[in-house]
2 protein chains.
Amino acid sequence: MTTNGNLRGRILEQARVLLLKEGYSAVSMRKIAKAVGCTPTSIYIYFDNKDALIHALIEEGMELLAVDLGSASKLDSAPRPRFRRICMAFLEFGIQNPEYFQIMFLLHPEKMERYPTDKYRRARRNLELFADILREIRGGSSFDTMLSATVLWSLLHGAISLHLAQRLDVGLPASTFIEQVVEHAETMLLSESS
Amino acid sequence: MTTNGNLRGRILEQARVLLLKEGYSAVSMRKIAKAVGCTPTSIYIYFDNKDALIHALIEEGMELLAVDLGSASKLDSAPRPRFRRICMAFLEFGIQNPEYFQIMFLLHPEKMERYPTDKYRRARRNLELFADILREIRGGSSFDTMLSATVLWSLLHGAISLHLAQRLDVGLPASTFIEQVVEHAETMLLSESS
DNA sequence: CCGTAAAGTTAACGTTGTTAACCAAAAAGT
DNA sequence: ACTTTTTGGTTAACAACGTTAACTTTACGG
């Protein structure tokens with residue numbers, strides 16, 4: 001509360017800076033402490049452990065993504081171009097913010113599993129945004145649209161991970177790839193019949 | 001060459017055992033050494049560093065996947081069920097071998113990027129397997145099919161990662177999910193027109 | 001039998017996440 | 001106003017990590 005203070009905020013800020021500037025491997029408690037001008041131990045006053053700190057960053061990223069998706073969904077009134085725009089926004093978010101995307105969706109691997117699921121409510125809300133558009137465009141039961149939205153989510157998610165992992169053909173420009181992804185996504189949701 | 005020896009093989013074996021039994025975090029040079037009955041330093045005789053060792057495991061996994069996909073593609077002569085079967089095989093490989101899948105596709109994050117790309121030739125061959133089927137079913141140029149195969153690859157890849165990351169609705173059974181994924185994959189490749 | 005090269009070991013360096021013990025200053029209680 | 005408790009922070013250390021330099025042992029060719 002002191003005027004100097006707000007140490008918690010500064011820790012988060014420097015952690016984010018380190019993450020975005022030098023990648024995930026550079027995010028160590030000691031480096032954050034040095035950047036913020038305190039001791040590594042102090043961080044444990046505000047965060048239970050490194051995972052908790054990372055988790056706070058994940059929430060930041062979720063917020064950022066939600067903003068991106070939200071503003072993208074307000075640009076078009078017609079559902080079809082809106083759908084395209086939202087898919088694009090998600091793909092571009094992942095490509096433009098690889099570090100955030102990594103900790104948000106690719107990282108959790110081992111210990112993250114026991115983390116509070118309700119903290120991912122924001123992520124769920126993003127998924128529901130896709131489901132809403134699907135329902136608007138092609139109708140269907142709530143269960144079906146949610147299911148399709150999940151599949152769509154998988155497609156977008158996988159496209160970004162493969163791009164970030166540089167597993168795509170080097171001769172394939174990213175722009176045509178993501179365009180094709182959106183194209184396929186559209187055909188996928190258009191002709192849903194089974 | 002001595003009868004006791006083949007230390008390189010034993011290292012790889014124990015690394016794999018540790019990976020599959022206790023997860024990626026348990027794979028440390030020291031633990032492998034202890035499990036195999038040698039010193040950590042000895043590992044560096046056969047592997048440049050930990051990444052190189054992991055990379056050898058990745059190749060193992062790629063081989064395993066290739067076998068799965070290959071045998072799946074021989075079960076059906078008709079292209080459509082064969083397509084389904086191969087998608088299923090890939091999805092099931094990821095779900096059944098989470099540790100392998102993790103190091104094969106999800107891990108690379110930071111340093112892996114400078115790794116020899118040609119070592120992923122096996123992965124590319126798997127991709128071409130999908131492209132071949134696409135060409136067989138719906139024709140099209142080599143470029144288009146490869147592009148569609150990449151998108152399909154993204155979908156399958158993303159579906160597995162989300163499942164492994166437990167980002168899917170808890171009420172959604174894995175079996176219906178992967179079934180829906182294959183379903184959507186099928187509609188995606190059937191009505192390609194743009 | 002000797003010299004050389006390969007295979008393995010010991011011991012250490014620097015880094016990591018995390019914790020116990022301690023200290024100072026502010027807040028609260030009486 | 002004085003004491004007590006809580007809060008915010010530090011120092012020092014532990015155990016584990018990947019990796020390397022220097023040394024020792026083993027095997028083998030001449």
Side-chain angles (χ1 to χ4, degrees), chain A residues 1-19 21-58 99 102-103 107-116, chain B residues 1-19 21-58 99 102-103 107-116:
Chain A
M1 272 303 184
T2 61
T3 172
N4 96 10
N6 195 10
L7 184 54
R8 198 195 119 100
R10 285 194 339 221
I11 290 171
L12 248 137
E13 181 191 343
Q14 290 304 320
R16 190 185 57 237
V17 168
L18 251 88
L19 176 74
K21 201 171 61 181
E22 303 183 35
Y24 174 72
S25 63
V27 181
S28 90
M29 303 302 254
R30 287 174 157 88
K31 281 188 191 166
I32 296 169
K34 183 160 286 181
V36 89
C38 71
T39 56
T41 337
S42 297
I43 302 179
Y44 287 88
I45 298 171
Y46 300 99
F47 302 94
D48 282 357
N49 46 36
K50 188 182 179 182
D51 279 3
L53 174 55
I54 294 289
H55 205 268
L57 288 178
I58 289 180
E99 311 292 356
Q102 196 178 118
I103 63 165
L107 201 64
H108 69 86
E110 22 225 335
K111 10 179 68 174
M112 234 60 158
E113 55 193 350
R114 59 181 154 78
Y115 260 47
Chain B
M1 272 302 182
T2 61
T3 172
N4 96 9
N6 195 11
L7 184 52
R8 199 196 119 100
R10 283 193 340 219
I11 289 171
L12 248 135
E13 182 190 344
Q14 289 305 318
R16 190 185 58 235
V17 168
L18 250 86
L19 176 74
K21 199 170 61 182
E22 303 183 36
Y24 175 73
S25 63
V27 180
S28 89
M29 303 302 254
R30 287 173 156 90
K31 279 187 191 166
I32 296 169
K34 182 160 287 182
V36 90
C38 70
T39 57
T41 337
S42 298
I43 302 179
Y44 288 87
I45 299 171
Y46 300 99
F47 302 94
D48 281 358
N49 46 37
K50 189 183 179 181
D51 279 4
L53 175 55
I54 294 289
H55 205 269
L57 288 179
I58 289 180
E99 311 291 356
Q102 195 177 118
I103 62 165
L107 202 62
H108 68 87
E110 23 224 335
K111 9 179 67 174
M112 233 58 159
E113 55 193 350
R114 59 180 155 76
Y115 259 48

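Quick caveat: nothing in here was measured; it's all calculated off a predicted structure. Below, each value reflects all heavy atoms present in this structure, side chains not excepted, and no hydrogens, waters or symmetry copies. We name chains A, B, ... by the order of the sequence lines, and we start the count at 1 in each one.
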Under 4.0 Å, counting only non-hydrogen atoms across every strand here, what does B:Tyr46 touch: a base, just sugar-phosphate, or nothing? sugar-phosphate
Are any of A:Tyr44's side-chain N or O atoms less than 4.0 Å away from OP1 or OP2 of D:dG9?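 No, outside the criterion.
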So, is A:Ser28 near the phosphate of C:dT15, with a side-chain N or O under 4.0 Å from OP1 or OP2? no
[X] [atom1] to [N] [atom2]: how many Å, rounded?
{"X": "B:Ile11", "N": "C:dG8", "atom1": "CD1", "atom2": "C1'", "answer": "11 Å"}
{"X": "B:Arg8", "N": "C:dA6", "atom1": "CZ", "atom2": "C1'", "answer": "17 Å"}
{"X": "A:Asp51", "N": "C:dG17", "atom1": "CG", "atom2": "C1'", "answer": "10 Å"}
{"X": "B:Asn49", "N": "C:dG14", "atom1": "CG", "atom2": "P", "answer": "20 Å"}
{"X": "A:Ile43", "N": "C:dG17", "atom1": "CD1", "atom2": "P", "answer": "9 Å"}
{"X": "A:Leu7", "N": "D:dT7", "atom1": "CG", "atom2": "C1'", "answer": "13 Å"}

Run the side-chain contact (heavy atoms from CB on, under 4.5 Å) check on B:Leu53 and B:Met29 step by step: do they pass? CA-CA 9 Å; B:Leu53 175 55; B:Met29 303 302 254; 4.2 Å; yes
Check whether NZ of the Lys or CZ of the Arg A:Lys50 lies under 6.0 Å from the centre of the six-membered ring of A:Tyr24 and within 45 degrees of that ring's axis. yes
Is there a side-chain contact (heavy atoms from CB on, under 4.5 Å) between B:Arg8 and B:Phe47 once you walk through the steps? CA-CA 8 Å; B:Arg8 199 196 119 100; B:Phe47 302 94; 3.6 Å; yes
List in chain and number order the residues that pass side-chain hydrogen bond (donor to acceptor under 3.5 Å, both in side chains) with A:Thr39, two or more places apart in sequence or in another chain; answer none if no residue qualifies.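 Residues passing side-chain hydrogen bond (donor to acceptor under 3.5 Å, both in side chains) with A:Thr39: A:Ser42.
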Return the residues of residues 29-42 of chain A meeting this criterion: a heavy atom under 4.0 Å from some atom of DNA chain C. Order them by number, or give none.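 Heavy-atom contacts with DNA chain C come from A:Met29, A:Arg30, A:Lys31, A:Thr41.
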Output for pair (A:Glu99 CD, A:Lys21 NZ), nearest 0.5 Å, gives 12.5 Å
For the CG atom of B:Leu57 and the CD1 atom of B:Ile103, what is their distance to the nearest 0.5 Å?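 It comes to 5.0 Å.
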Of the listed nucleotides (D:dG8, D:dG18, C:dG17), which one gets closest to any side-chain atom of A:Ile45?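 Of D:dG8, D:dG18, C:dG17, D:dG8 is nearest to the side chain of A:Ile45.
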